[in-house]
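This report concerns only the one structure given below.
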Amino acid sequence: MDAIGFQLTEEQALLRESARRFSAAEIAPHAATFDRSGEFPDAIIRRGYQTGLVNMIVPEALGGGGLGNVEVALVVEELARGCAGITTSMVANDLALTPIWVAGTTEQQRQFITPVIQQQQFASFCLSEPAAGSDVAGLRTRLEKVDGGYRLTGNKQWITNGGKASQYTVFATIDPAQRHRGITCVVVPADAEGVSHGPHEDKLGQRASNTTTVSFDNVFVPESARVGNEGEGFRIAMRTLDITRPLTAAIAVGIAARALECATGYALERKQFGQAIAEFQGIQFLLADAATDIEAARLLTLHAARMADAGVGNSMHSSMAKRFAADCAMKVTTDAVQVYGGYGYTKDYPVEKLMRDAKLLQIYEGTSQIQRLVIARELLA
Ligand code: COS
């Protein structure tokens, strides 16, 4: 697909505008507070739920927003300008519920998606493990066949909203020796016997997003809660990430755009050597590069999102968008701190938080190195 032609429709522009207003009024004013406390922004996310800013990508028939990937990316960029941590927790349901609407039966979609949304609950995507982050095929959480279903045992790590979710979408293996061919997807209620979660991780950035371990100790999972066939879980997880990585890229674009906004404003205000520092080419070039990189990251993100909407294979472009936007956010936020100088290194100004928040974009939903691997494999295939 060509990457040209991003004239927003009137509806898309209105949607972006309303997300921008929500972010400015409901998220941005509280971002520093939640960053300091690491508390979960329950009330903000409830308002997001009421405004239709949670479960945006889930089909309307199942109670979701039914928005396209492009529309969700536009909204997510705006939310992330306010706070990436809060945004990550707001979009976690999209990640957790996507395997079910992508690969579940109609009955499973009704059973595992609609009630979560109607009751304004959280769901979590449980893929990573203490010893299996990048190497998904090496995961060790076991599903053992028993009468009527399975017994699930293992530990999951870095689970967004792990301590808040009422339901987990879990990837486990029926036989570790089979690597990716053994991985199977099941849906597990958080109150099932044997399910527990750890404390909220004390993270460097995105401190408002809830991150915990989740453990399964001999949990009974009925066969009806298995999404797809045994051994199809790896593909389901990868298809899900193809859909959601452009949305994660949009978080990176939002962080970078906010950092540029801050740096530009500060450069115009701050005087040194008798003039605004924005008068110096050293600062101008830095801002010009940031603006260029952000525009490129946004276009790549929307292109990957548009490919997802069109149903064409977008693994490579999703990874390109995620890699480019994450690295862009890291660079732009680091440069924004540089523009602020010593002040930027303090919590009195917003840019140090943006820099801490950006770092996670190079790690979660696949590190920047894993994205390069996906891109290279497709190039060389
Ligand atoms: N869609 C559908 N199928 C896919 C796919 C995709 N996007 N990507 C891979 N597959 C298929 C392959 O075609 C292959 O099929 P076969 O069974 O016919 O061989 C199979 O899945 C295995 O793929 P591959 O050989 O590429 O698997 P690897 O173990 O080498 O690993 C990576 C693939 C590294 C790309 C994968 O493990 C990954 O994305 N890791 C990062 C995970 C991540 O993002 N974690 C963050 C936590 S989630 S928030």
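For this chain, numbers begin at 1 and follow the sequence in order. Whatever order the structure lists them in is the order used to number ligands and atoms, beginning at 1.
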**OP:** Kindly state each residue pair satisfying side chain to side chain donor-acceptor pair (under 3.5 Å) with at least one member in residues 252-277, sequence neighbours excluded.
**Re:** R81-E261
**OP:** Could you tell me which atoms of ligand 1, counted from 1 in the order shown, lie closer than 4.0 angstrom to a heavy atom of V136?
**Re:** 37 (O), 40 (N), 42 (C)
Original post:
In terms of residue, atom name and distance, what is the protein heavy atom nearest to atom 6 (C) of ligand 1?
Top reply: M238 CB, 3.4 Å
Subject >> Pair S89-N210, side-chain donor/acceptor within less than 3.5 Å >> reply: no
Original post:
Which part of F125 is near ligand 1, with near meaning a heavy atom under 4.0 Å away: side chain, backbone, both or neither?
Top reply: side chain
Original post:
If hydrogens are left out, which of S315, G366, A381 has an atom nearest to atom 45 (N) of ligand 1, that is, the closest non-hydrogen atom?
Top reply: G366
Subject >> Which of the ligand 1 atoms, numbered from 1, are nearer than 4.0 Å to a heavy atom of V374 >> reply: 35 (C)
**OP:** Could you list the atoms of ligand 1 found under 4.0 angstrom from a heavy atom of D242?
**Re:** 1 (N), 6 (C), 7 (N)
Original post:
Of all the atoms in ligand 1, which lie at a distance below 4.0 Å from a heavy atom belonging to R181?
Top reply: 16 (P), 17 (O), 19 (O)
Original post:
Should F234 be counted as touching ligand 1, given the test is an N or O pair under 3.5 Å?
Top reply: no
Original post:
Could an N or O of ligand 1 be found under 3.5 Å from any N or O of R245, whether backbone or side chain?
Top reply: yes
Original post:
Cluster partners of Y150, using ILVMFWY side-chain heavy atoms under 4.5 angstrom, listed by chain and number?
Top reply: L143, L152, I159, Y168, V170, I174, V186, V188, V195, V214, F216, V219, V221
Subject >> Mutual orientation of the aromatic rings belonging to F234 and H180 [parallel < 30°, tilted 30-60°, perpendicular > 60°] >> reply: tilted
Original post:
Crowded around W101 CH2? As in, over 12 foreign heavy atoms under 6.0 Å?
Top reply: yes
Original post:
Is D42 salt-bridged to R47, cutoff N-O under 4.0 Å?
Top reply: no
Original post:
Considering only heavy atoms, does T367 approach ligand 1 within less than 4.0 Å through its side chain, its backbone, both, or neither?
Top reply: neither
**OP:** Would you mind checking which non-hydrogen protein atom is closest to atom 49 (S) of ligand 1, with the distance to 0.1 Å?
**Re:** E365 CG, 3.6 Å
**OP:** Test salt bridge (charged side-chain N to carboxylate O under 4.0 Å, His left out) on D335 and K331 and set out the steps.
**Re:** CA-CA 6 Å; D335 286 348; K331 175 158 195 333; 2.7 Å; yes
**OP:** Report the part of L241 (side chain from C-beta onward, or backbone N, CA, C, O) that has a heavy atom under 4.0 Å from ligand 1; answer both or neither where that applies.
**Re:** side chain
Original post:
Using a distance-only test with no angle check, is there a side-chain donor-acceptor pair under 3.5 angstrom linking D242 and S315?
Top reply: yes
Subject >> Per-residue contact class, Y364 against ligand 1 - non-hydrogen pairs under 4.0 Å >> reply: neither
Original post:
Considering only heavy atoms, does H180 approach ligand 1 within less than 4.0 Å through its side chain, its backbone, both, or neither?
Top reply: side chain
Subject >> Where ligand 1 meets L127 - atom numbers and elements under 4.0 angstrom, heavy-atom basis >> reply: 48 (S)
Subject >> Within reach of ligand 1, part of S134 (heavy-atom separation under 4.0 Å) >> reply: backbone
**OP:** Please could you name the atoms of ligand 1 that A137 approaches to less than 4.0 Å, counting only its heavy atoms?
**Re:** 29 (O)
Original post:
With backbone taken as N, CA, C and O and side chain as the heavy atoms from C-beta onward, which portion of Q371 lies under 4.0 Å from ligand 1: side chain, backbone, both, or neither?
Top reply: neither
Original post:
Judging by distance only, is a nitrogen or oxygen of S128 under 3.5 angstrom from one on ligand 1?
Top reply: no
Original post:
Would one find an N or O of R179, backbone or side chain, under 3.5 Å from an N or O of ligand 1?
Top reply: no
**OP:** Return yes if a side-chain donor-acceptor contact under 3.5 Å exists between N55 and N93, otherwise no.
**Re:** yes
Original post:
Would you say atom 42 (C) of ligand 1 has a protein heavy atom nearer than 4.0 Å?
Top reply: yes
